[in-house]
Number of protein chains: 2
Amino acid sequence: MIERTANLLGVVGVMVADAIEQTARDVVRHAGETPAALVVIGYGFGPSNDRLRRILGLSHPGTVRLVDRLVRDNLVERRPDLKDRRSISLHLTPQGEQAREAFLKGRLAAIAQVIEPLSTAECEQLTGLLRKMLSSLDPSDEQRCYLCRLCDDRVCTNCPIPADFRADVASA
Amino acid sequence: MIERTANLLGVVGVMVADAIEQTARDVVRHAGETPAALVVIGYGFGPSNDRLRRILGLSHPGTVRLVDRLVRDNLVERRPDLKDRRSISLHLTPQGEQAREAFLKGRLAAIAQVIEPLSTAECEQLTGLLRKMLSSLDPSDEQRCYLCRLCDDRVCTNCPIPADFRADVASA
DNA sequence: AGCAATTATGTGCGCTGCGCACATAACGTC
DNA sequence: GACGTTATGTGCGCAGCGCACATAATTGCT
């Protein structure tokens with residue numbers, strides 16, 4: 001019965017998402033895609049407004065206002081893009097780096113609480129199943145970026161769905 | 001490394017939650033706790049505003065407005081509570097029943113797509129792991145209700161976290 | 001070089017979902 | 001029958017987001 005499995009995964013999925021959002025509210029004091037923006041900008045490749053927009057799946061004005069919030073909170077700064085004076089380049093402030101670290105750490109801790117009852121062997125089992133689910137997806141590049149928008153790259157080794165914006169990190 | 005497992009679960013959890021919310025937007029045309037309200041009211045025990053508020057974890061005014069939306073859309077009706085004339089009793093209209101069915105079906109379908117690459121044996125494995133995670137939780141009754149707020153009771157057999165509001169269904 | 005089409009950013013405006021403070025009606029208790 | 005409690009409903013405002021529009025810089029075409 002795949003339906004029973006799906007139902008349980010639905011409960012756990014929502015539980016995990018709730019825990020992550022709660023962490024975001026506690027640490028970043030913002031909801032929606034704002035914490036994801038913090039994570040993505042934190043990769044340090046200095047994305048433009050439009051690049052960020054595509055990764056987060058937001059409208060253009062929504063992204064502008066999102067960045068406004070982060071700038072107002074001294075978490076992000078807009079730098080001029082020297083190669084294209086229309087564009088801006090988004091970078092984290094030291095406070096932003098700190099907030100990003102705290103959020104990612106809180107995120108992992110919140111999720112770890114859910115898996116805590118599992119034994120080490122069961123964790124390995126679960127890892128295998130999750131990897132299989134993720135690697136079997138056939139999303140476009142943009143969708144992959146969207147999925148990875150909250151991912152903690154420090155612990156994401158051998159990622160089953162490498163988002164292509166990671167490539168920009170190297171070139172930054 | 002529990003952290004790598006946690007990170008992957010974070011990605012899948014958000015993916016599942018996103019898929020469920022997308023279904024809600026498509027079918028119910030509302031976001032937030034509105035689809036959950038439809039599911040909970042659909043149990044048919046005629047919850048009061050306050051009962052619903054506690055299950056969904058919303059403020060009282062937020063719940064009133066939520067019900068306003070559902071009433072405006074002809075999905076829910078407020079009936080007088082004969083035993084307590086302060087209270088109201090929330091029930092789905094035929095349209096509401098239909099919307100609830102469509103949402104729950106869409107939810108299962110969306111999640112099933114994520115599990116689809118797994119074999120039958122792997123599904124069983126996953127079910128066991130999910131059940132262990134859920135049954136090991138130590139939430140209060142209210143938290144349990146909150147977790148089950150989107151659950152499809154038609155396929156939830158031998159629930160690891162039985163929400164106590166289910167008991168009201170029998171007495172309704 | 002010059003001018004149109006494209007691209008990137010920012011602004012007014014409104015919508016949805018939600019919480020706080022407050023008001024009102026019914027219940028229970030003494 | 002008066003008072004505290006409980007249940008519902010109402011202004012009001014805020015966060016997050018999208019649409020339509022405006023403006024500036026780049027690209028491409030001739």
Side-chain angles (χ1 to χ4, degrees), chain A residues 17-18 20-22 24-38 40-41 46-73 75-91 146 149-150, chain B residues 17-18 20-22 24-38 40-41 46-73 75-91 146 149-150:
Chain A
D18 283 351
I20 293 176
E21 186 175 336
Q22 192 53 53
R25 285 189 186 280
D26 292 345
V27 175
V28 190
R29 318 270 284 190
H30 288 292
E33 299 299 331
T34 313
L38 208 61
V40 171
I41 296 173
S48 69
N49 211 329
D50 195 61
R51 190 93 175 82
L52 183 66
R53 178 189 83 77
R54 268 189 274 269
I55 295 173
L56 299 182
L58 290 180
S59 71
H60 161 52
T63 310
V64 173
R65 301 286 152 78
L66 191 162
V67 173
D68 284 346
R69 291 194 291 273
L70 292 173
V71 169
R72 179 164 46 78
D73 292 354
L75 300 177
V76 162
E77 61 176 4
R78 290 186 233 242
R79 297 184 194 160
D81 183 333
L82 303 177
K83 316 200 173 186
D84 187 337
R85 279 182 310 179
R86 292 171 301 180
S87 294
I88 56 169
S89 179
L90 298 169
H91 294 269
Y146 187 63
R149 70 197 189 278
L150 287 176
Chain B
D18 284 351
I20 293 175
E21 187 174 335
Q22 193 52 53
R25 285 188 186 278
D26 292 344
V27 175
V28 190
R29 318 271 283 191
H30 288 292
E33 299 300 329
T34 314
L38 207 63
V40 171
I41 296 172
S48 68
N49 211 327
D50 195 60
R51 189 94 174 82
L52 183 65
R53 178 189 82 76
R54 269 189 273 269
I55 295 173
L56 300 184
L58 289 179
S59 71
H60 159 52
T63 310
V64 174
R65 302 286 153 78
L66 191 161
V67 173
D68 284 345
R69 291 194 291 273
L70 292 173
V71 169
R72 177 163 47 78
D73 293 352
L75 299 176
V76 162
E77 63 176 3
R78 291 186 233 239
R79 296 184 195 160
D81 183 334
L82 303 175
K83 317 200 172 183
D84 187 338
R85 280 182 308 180
R86 293 171 300 181
S87 292
I88 58 170
S89 178
L90 297 169
H91 294 269
Y146 187 64
R149 71 195 188 279
L150 287 175

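Hydrogens, waters and symmetry mates play no part in the numbers below; they use all other heavy atoms, side chains included.
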- Derivation of the side chain to side chain contact (heavy atoms under 4.5 Å, CB included) call for B:L66 and B:E33: CA-CA 8 Å; B:L66 191 161; B:E33 299 300 329; 4.1 Å; yes
- Item | Any B:R69 side-chain N or O less than 4.0 Å from OP1/OP2 of C:dG17 | yes
- Task: Respond yes when some side-chain nitrogen or oxygen of B:R78 is under 4.0 Å from OP1 or OP2 of D:dG9, and no when none is.
- Result: yes
- Query: What nucleotide among D:dG18, D:dT26, D:dG9 has an atom nearest to a side-chain atom of A:R85?
  - Reply: D:dT26
- How long is the gap from CZ on A:R78 to NE2 on A:H91, to the nearest 0.5 Å? 13.0 Å
- In whole angstroms, how far is the P atom of C:dT9 from the CG atom of A:D81? 9 Å
- For B:R29 and C:dC15, give me the distance from atom CZ to atom P, rounded to whole Å. 16 Å
- Query: Mapping B:R54 and A:R25 onto DNA chain D by nearest heavy atom, which one lands closer to the 5' end?
  - Reply: B:R54
- Message: Heavy atoms only, 4.0 Å cut-off, all strands: where does A:S59 land among base, sugar-phosphate and nothing?
- Response: base
Output a table of nitrogen or oxygen pairs between the protein and nucleotides 5-7 of chain C separated by less than 3.5 Å.
unit_1: C:dT7; atom_1: O2; unit_2: A:R86; atom_2: NH1; d: 2.7

- Salt-bridged, A:D18 to B:R149, with N to O below 4.0 Å? yes
- Query: Does a side-chain N-to-carboxylate-O contact under 4.0 Å join B:D81 and B:K83?
  - Reply: no
- Message: Should the side chain of A:H30 and the base of D:dG16 be counted as holding a donor-acceptor pair, with the cut-off at 3.5 Å?
- Response: no
